[in-house]
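To start, the structure itself, in structure tokens.
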Amino acid sequence: MMKIFAIVPLVVLLACCTTTKIVGQYPIHGIVQDKCSGKAISGVSIKLRFGAIDIGGDNSVITEPESTNQDGEFRIEPQYIKLKGGVGGWSGSLHEWPTVLLKRDGYKDVGYGFLEANESTYSSMTLTMEPHRGCP
């Protein structure tokens with residue numbers, strides 16, 4: 001019985017652990033292409049979602065939209081966003097690398113996130129979008 005009383009406070013303490021971290025310290029760039037034709041898509045709205053959850057709820061941040069140029073290329077400069085999130089387990093999570101959210105009329109909205117990300121993952125990305133009508 002004494003062991004239970006010793007473990008419960010430890011579990012509660014770990015569940016409340018959070019950290020603050022600066023994320024978005026690297027530029028993100030690449031090209032967006034039509035999934036069916038492989039052609040570049042201009043005018044795609046691109047936002048970054050940096051995920052962070054702690055015991056108090058969702059602290060995620062979504063950046064202001066950027067757009068692809070006429071060649072379907074984009075470059076998002078470092079954002080330097082301060083996030084507060086859990087350190088794992090019951091306390092939540094904090095994602096250093098963002099989910100890339102794409103949106104454009106005539107195409108299905110899509111988000112790209114990577115579990116094993118690093119700086120090279122987010123440089124020279126080739127992302128695809130599928131037309132609403134699907135591929136022939």
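Put simply, the side chain of Tyr107 reaches to within 4.5 Å of the side chain of Asp34, judged on heavy atoms. Using a 4.5 Å heavy-atom cutoff, the side chains of His95 and Val23 are not in contact. Looking only at side-chain heavy atoms (C-beta outward), Pro78 and Ile28 stay at 4.5 Å or farther from each other. Residues Ser123 and Pro27 are not in side-chain contact: their nearest non-hydrogen atoms beyond the backbone lie 4.5 Å or more apart.
Note: Leu48 CG to Ile76 CD1 = 4.0 Å, rounded to the nearest 0.5 Å. The distance from the NE2 atom of His29 to the CD1 atom of Ile31 is 13.0 Å, given to the nearest 0.5 Å. For the atom pair CG (Asn59) and CD1 (Ile81), the distance works out to 12.5 Å, reported to the nearest 0.5 Å. A distance of 7.5 Å separates CG in Leu83 from CZ in Phe50, rounded to the nearest 0.5 Å. Within the model, atoms CD of Gln33 and OG1 of Thr126 stand 5.5 Å from one another, a figure rounded to the nearest 0.5 Å. The distance from the CG atom of Asp105 to the NE2 atom of His132 is 7.5 Å, given to the nearest 0.5 Å.
Checked for salt-bridge contact, Glu64 and Lys47 miss the test: no charged N lies under 4.0 Å from a carboxylate O. Checked for salt-bridge contact, Asp58 and Arg49 meet the test: a charged N lies under 4.0 Å from a carboxylate O. The pair Glu73-Arg75 does not meet the salt-bridge criterion, since no charged nitrogen lies less than 4.0 angstrom from a carboxylate oxygen.
Centroid-to-centroid, the aromatic rings of Trp97 and Phe114 stay 6.0 Å apart or farther.
Nearest heavy-atom pair, Ala52 versus Gly85, reported as atom, atom and distance to 0.1 Å: CB-CA, 4.4 Å. Closest approach of Asp71 to Asn69, counting heavy atoms only: N-OD1, 2.8 Å. Between Met129 and Lys108, the shortest heavy-atom distance links the atoms CE-O, 3.5 Å.
Side-chain N or O atoms of Gln79 include one that pairs as donor or acceptor with a backbone N or O of Glu77 at under 3.5 Å. A donor-acceptor pair under 3.5 Å is absent between the side-chain atoms of Ser45 and the main chain of Arg104, judged by distance alone. Here the side chain of Thr68 pairs a donor or acceptor atom with the backbone of Gly43 at under 3.5 angstrom.
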| message | Applying side-chain contact (heavy atoms from CB on, under 4.5 Å) to Glu130 and Val110, what does each step give before you reach the verdict? | response | CA-CA 9 Å; Glu130 184 177 348; Val110 65; over 6 Å; no
| request: Could you please spell out the steps behind the side-chain contact (heavy atoms from CB on, under 4.5 Å) verdict for Phe74 and Val32? | output: CA-CA 8 Å; Phe74 66 92; Val32 179; 4.0 Å; yes
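Criterion: ILVMFWY side-chain heavy atoms under 4.5 Å apart, direct or through other members. Under it, Met125 and Leu101 are not part of a common hydrophobic cluster.
Under the 3.5 Å distance criterion, with hydrogens and angles disregarded, no donor-acceptor pair is assigned to the side chains of Tyr26 and Ser120.
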